[in-house]
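Just so it is clear, the structure is predicted and the values come from calculations on it, not from any experiment. For reference, positions follow the sequence shown, starting with 1.
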Amino acid sequence: MWLITGGLLIGVLAAIAGIVDALLYKGTRSRSWPHSVGVLLMMILALFNVFIHSRDGWTSVMPTGLILSAIVSGLALVTSWMGYSLEARREGL
């Protein structure tokens, strides 16, 4: 539960940096909306995951907590790849 909460807090800081970046580079804003939607969905699901993990006991977490953790992990991989590809296009790599 604490690791997920820490990840959410760091995610909020990254979102603030992403918003500032999107405002500075107006040319890539139209291509960055799928990344933004994916990150927002990931953060919302992670918040629900924290609520599920905050309950006591193994049976309160299984299987919903495990499924949400797997979905959030998959979204993290996909959105990281999307963010990297946006940055690579901007840099011309």
Can Val37 be reached from Leu75 by stepping across I, L, V, M, F, W or Y side chains whose heavy atoms are under 4.5 Å apart? no
dist Leu86:CG -> Ser36:OG (nearest 0.5 Å) comes out at 8.5 Å
Scan the side chains in residues 44-53 for donor-acceptor partners under 3.5 Å anywhere in the protein, sequence neighbours excluded, and list what turns up.
unit_1, atom_1, unit_2, atom_2, d
Asn49, OD1, His53, ND1, 2.9
Asn49, ND2, Ser69, OG, 2.9
His53, ND1, Asn49, O, 3.0

Met43: side-chain contact (heavy atoms from CB on, under 4.5 Å) partners, not counting sequence neighbours: Leu8, Val12, Val39
Can Ile4 be reached from Leu40 by stepping across I, L, V, M, F, W or Y side chains whose heavy atoms are under 4.5 Å apart? yes
Do Met1 and Met42 land in one hydrophobic cluster if side-chain heavy atoms of ILVMFWY residues count as linked below 4.5 Å? yes
Within 6.0 Å of CG in Leu9, more than 12 heavy atoms from elsewhere: yes
Students should find that the hydrophobic cluster of Met82, defined by side-chain heavy atoms under 4.5 Å apart, otherwise consists of Val78, Trp81
Do Ile19 and Ile16 make a side-chain contact, defined as non-hydrogen atoms from C-beta onward lying under 4.5 Å apart? no
